[in-house]
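Here the structure is a predicted model, which is why all the values come from computation and not from measurement. The analysis underlying the following values was restricted to heavy atoms, covering all of them including side chains, and did not include hydrogens, waters or symmetry mates. For the single chain, residues carry numbers from 1 onward in sequence order. One-based numbering, in listed order, for ligands and for the atoms of each.
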Amino acid sequence: MTVNLGLYDLWCIRYAYAMSKNQIDIPENLPGGILDNQAQPASPLQPEAISELKPKLQALIKGEIDDSDVTRELYSHDASMFELKPQVVVSPKDVGDIKAIVRFVAENKKDNPYLYITPRSAGTDMSGGAIGESITIDFTKHFDKVGEITSTSARVEPGVYYRDFEPQTLKHKVWMPSFPASRELCTVGGMVANNSGGEMSLRYGKTEKFVQELKVVLADGNEYIVKPINKKELDAKIAQKDFEGEIYKRVFNLVDKHYDEIKAARPKVSKDSTAYHLWNVWDKETGVFDLTQVIVGSQGTLGLVTDIKFRLVPKEPYGGVLVCFMKNMDGLGDIINTVMTQHPTSFESFDNYTLNLSIKFFPYFRKTLGWRGLFKLAVQLMPDALILLKGIPKLVLLIEFTGQTQQEVTNKISATRDLLRHFKLQAMEEDDTEAEAWKFRIMRRESFNLLRKKVKDKHTAPFIDDLVVPPHNLPQFLPQLREIVNSYKLIATVAGHMGDGNFHVIPLMKIEEKLERIKLAPAMREVNELVLKFGGSLSGEHNDGMIRGPWLSQMYSEDMMKHFRELKTIFDPQNIFNPHKKTDAHWEFSMSHIRQHF
Ligand SMILES: Cc1cc2nc3c(=O)[nH]c(=O)nc-3n(C[C@H](O)[C@H](O)[C@H](O)COP(=O)(O)OP(=O)(O)OC[C@H]3O[C@@H](n4cnc5c(N)ncnc54)[C@H](O)[C@@H]3O)c2cc1C
C-alpha cells in the first residue's frame with residue numbers, strides 16, 4: 001500500500017501527537033493584543049453580580065430585560081463561528097433607556113470590570129461582532145421606526161430591517177443601494193456599524209458613502225449628533241469644556257498630527273471594512289471634519305447608534321444581466337478589464353462549488369421564493385440546464401447593467417457581449433430584463449445562507465470570508481488562493497464581487513473538533529499573506545470582529561495600530577463598548593469561544 005502524505009498531513013500528525021500528550025492547544029505566535037491600559041478579563045460576571053444585574057437595570061429603564069436561558073442561548077450566537085453568552089438581553093424602549101444603561105455601566109465599571117455593552121440589531125454579523133458576555137442591547141424591538149423620507153434622504157432607526165426600509169424609499173423612486181447579500185435578514189443599524197456593502201457597491205460605494213448624520217450615545221451616557229462640520233464649527237466644538245469637546249480636540253490632534261501617515265495607510269482597494277477609517281475624518285483641502293466616518297464600521301466599539309440619516313439616490317428603473325460561463329480561469333484578467341470598460345452596475349461571480357450546491361439543494365430556494373417563485377426559477381433555469389450538461393463551469397460571471405430605458409440596458413448588454421465574443425467562454429446568456437436577471441442573482445445572494453442551513457454534518461466557518469484584492473490581480477491570486485484552500489483540505493465555496501475583487505471564501509468544517517480548529521490560524525496566516533502580497537485588504541464588507549481583529553497588525557503598521565487604539569481610548573476610555581472586537585481582539589480569546597452548540 002502506498003501512502004501519499006503532504007506537508008499539511010505531516011503537520012496534522014505532529015499536532016495530533018502533541019495534543020494527545022497535552023503539549024499543545026493553541027498555535028504559537030498568536031496575533032492580536034488587548035489594550036495594555038484596558039485589559040478585559042476573559043471570564044464572565046461573578047454569580048452574585050449576575051443576579052443583581054437584572055433588578056438594578058430594571059429600576060433604571062422602561063424597556064424589557066430578559067435573563068432566561070432560552071434568550072441568552074439565542075443571543076449567544078450571530079452568523080460567525082463564535083459563541084459568547086450574555087448575562088442579560090435588554091430591549092430599550094427609548095434613548096432615555098440607552099443613556100441610563102450606559103451611565104450605569106460607566107459608573108460601575110471600576111468595581112465590576114466584567115460589565116460592558118454589546119449592541120445588536122439582527123445578529124447576522126459574520127465576524128462575532130454582535131455577541132458579548134455581559135449586557136446585550138437589542139435594537140430590533142423598539143428602535144424600529146422609519147422617519148421622514150424625501151427624494152434625497154431618509155431618517156431611520158437602527159433596528160429597522162433593510163427589507164422593510166427599501167419599499168418605503170422606493171415609493172419616492174430612490175434607494176440606499178449599499179445593501180448586503182443578507183438584505184432580507186439584516187437591519188440598517190448593522191449595515192452602518194459594519195460599513196456593509198454588496199452587489200451594488202461597485203457602482204454606488206458602501207454604507208459610509210450614504211451616512212449623512214448619526215445620533216450616537218457615547219461613553220458619558222449622553223446622546224450627540226455627529227455629522228460633517230467645517231473648521232469653524234470644529235473650533236467651536238474643541239473649545240467646549242466637556243466630553244464631546246475632548247473627543248473633537250483629541251481626534252483632531254490625532255488625525256492632523258499624523259495626517260500624511262494616516263492618509264497613506266488607506267487600503268488601496270475599492271472596498272474596505274477593517275480598523276477605523278481615520279483617513280476619512282479630516283480633509284485639509286476641503287476643511288471638512290467628519291466623525292461619522294469612524295463610527296460607521298466601528299462595530300459598536302465607539303458608541304451606540306440611535307438614529308441614522310441616509311442619503312438616497314435614484315434607482316434606475318430598468319436592469320438586465322449578461323451571464324458568462326467560464327470553463328477555466330484563462331483570460332480572466334483581460335475579461336475583467338474588458339467588462340470594467342463598460343461600467344457595469346454590478347459584476348458578481350460564483351464558482352462551481354456554489355453552483356453544485358445550488359443544484360443539489362434546489363428546493364431550499366422555496367424558503368426565500370415560495371412555491372410559485374421556485375417553479376418560476378425552475379422554468380427559467382431550463383435553458384441553462386443544457387449549458388450545464390456540457391460540464392459545470394469553473395466560474396459564473398454576472399454582469400449587470402441598469403438604465404433609464406429597456407433599450408439602453410439591452411444596448412449595454414449587447415455591446416459587452418460583442419467585446420467578450422473573442423474570449424474562450426463556455427457560453428454566454430443575455431437576461432435583458434429584471435424578470436430574467438434575478439435567477440442567478442438569487443443563487444449568488446443565497447449561497448452563504450444555503451451553506452449555513454443545508455449542510456448538516458459540517459458548519460460554515462467564516463474566517464477567510466471577505467478578502468479583497470485589486471481586480472487586475474485576480475487571475476494570479478485566485479488559483480493561489482485555491483491552492484492554499486486545498487492544501488488544508490478545506491471544502492469551500494468562492495463567491496463574490498468580481499468588479500471590486502472582493503471574495504467570500506466560506507469553508508465547511510467541524511470547528512468544534514480540535515483537529516479541524518487548529519487549521520484556522522495557519523490557514524488564515526497564509527491567506528492573509530497572499531492577500532497582502534497582492535495589495536489587498538482582509539475585509540471588504542464583513543468587518544473585523546473577533547475573527548479578523550487579531551490580524552489587523554498583519555495589515556497595518558505598529559504606528560497605525562497605535563492610532564486606531566488611541567481613537568478607541570478617546571471615545572471609550574473605560575472600554576465599556578463591545579470589547580474583544582477589532583483593535584481589542586485577541587486570537588486566544590476568540591479561539592477559546594469557538595461555537596460548540598449548533
Ligand atoms: C447570509 C449572509 C450574507 C451576508 N452577506 C453580506 C454582504 O454581502 N455584505 C456585508 O456587508 N455583510 C454581509 N453579511 C454580514 C451581515 O449580514 C451584515 O454586515 C449586516 O449589515 C449586519 O446587520 P445586522 O442587523 O445583522 O447587524 P448585527 O449582526 O446585529 O450587528 C453588526 C455589528 O454592528 C453592531 N451594532 C448593531 N447595532 C448597533 C447600533 N445600534 N449601534 C452600534 N453598533 C451596532 C454590532 O455590535 C455588531 O458589531 C452577511 C451575513 C449573512 C448571514
Exercise. Hey, which atoms in ligand 1 end up nearer than 4.0 Å to a heavy atom of Gly300?
Worked result: 43 (C), 44 (N)
Exercise. Which ligand 1 atoms are under 4.0 Å away from a heavy-atom of Phe139?
Worked result: 40 (C), 41 (N)
For this session: Output yes when Glu73 and Lys85 qualify as a salt bridge under the 4.0 Å nitrogen-oxygen rule, no when they do not.
Result: yes
Problem set entry | Ligand-side contact atoms (ligand 1) for residue partner Ser196, heavy atom cut-off under 4.0 Å | 10 (C), 11 (O), 18 (C), 19 (O), 20 (C), 21 (O)
Exercise. Of all the heavy atoms in Gly159, does at least one lie under 4.0 Å from an atom in ligand 1?
Worked result: no
Seminar exercise, completed: Quick look: Asn578 vs ligand 1, heavy-atom contacts under 4.0 Å, and the answer is side chain
Exercise. Which is it for Ala181 and ligand 1 at heavy atoms under 4.0 Å: side chain, backbone, both or neither?
Worked result: both
Seminar exercise, completed: atom 53 (C) of ligand 1 sits nearest the protein heavy atom Arg452 NH1, 3.4 Å
For this session: From atom 51 (C) of ligand 1, work out which of Thr124, Asp466, Ile137 has a heavy atom at the shortest distance.
Result: Thr124
Seminar exercise, completed: Result for side chain to side chain donor-acceptor pair (under 3.5 Å) between Tyr75 and one of Asp138, Thr118, Thr136, Asp66 points to Asp138
Problem set entry | Criterion side-chain contact (heavy atoms from CB on, under 4.5 Å) on Glu400 and Phe347, from CA distance to verdict | CA-CA 6 Å; Glu400 178 172 6; Phe347 182 8; over 6 Å; no
Problem set entry | Residue pair Val531 / Leu467: nearest heavy atoms and the distance that separates them | CG2-CB, 3.7 Å
Exercise. Does at least one non-hydrogen atom of Asp78 fall below 4.0 angstrom from an atom of ligand 1?
Worked result: no
Problem set entry | Distance filter under 4.0 Å to Asp125 heavy atoms, resulting ligand 1 atoms | 29 (O), 32 (C), 33 (C), 48 (C), 49 (O)
Problem set entry | Best match, Ala193, Pro119, Gly198: closest heavy atom to atom 46 (C) of ligand 1 | Pro119
For this session: Compare all side-chain heavy atoms of Val468 with those of Asp272 and state whether any distance is below 4.5 angstrom.
Result: no
Exercise. Using heavy atoms and a threshold below 4.0 Å, how should the contact between Ser182 and ligand 1 be classified: side chain, backbone, both, or neither?
Worked result: both
Exercise. Would you say Tyr224 and Val216 make side-chain contact, with heavy atoms under 4.5 Å?
Worked result: no
Exercise. Do side-chain atoms of Ser201 reach the backbone of Gly198 as a donor and acceptor pair under 3.5 angstrom?
Worked result: yes
Exercise. If we only count heavy atoms from C-beta on, is the Phe577 to Lys568 side-chain gap below 4.5 Å?
Worked result: yes
Exercise. Who's closest to atom 41 (N) of ligand 1 heavy-atom-wise, of Leu304, Ile117, Val305, Thr460?
Worked result: Val305
Problem set entry | Salt-bridge contact Glu148-Lys309 (side-chain N to carboxylate O under 4.0 Å) | no
For this session: For Gly303, take its heavy atoms, then give the atoms of ligand 1 lying under 4.0 Å from any of them.
Result: 43 (C)
Exercise. When the ring planes of Phe534 and Phe477 are compared, do they come out parallel, tilted or perpendicular, using 30° and 60° as the limits?
Worked result: perpendicular
Problem set entry | Those atoms of ligand 1 less than 4.0 Å from some heavy atom in Ala79 | 53 (C)
For this session: Just let me know how Asn194 lines up against ligand 1, side chain, backbone, both or neither, with a heavy-atom cut-off below 4.0 Å.
Result: side chain
Exercise. Centre of Phe210's six-membered ring, under 6.0 Å away, within 45 degrees of the axis: is that where NZ or CZ of Arg311 sits?
Worked result: yes
Exercise. In terms of atom number and element, which parts of ligand 1 are under 4.0 angstrom from non-hydrogen atoms of Pro158?
Worked result: 41 (N)
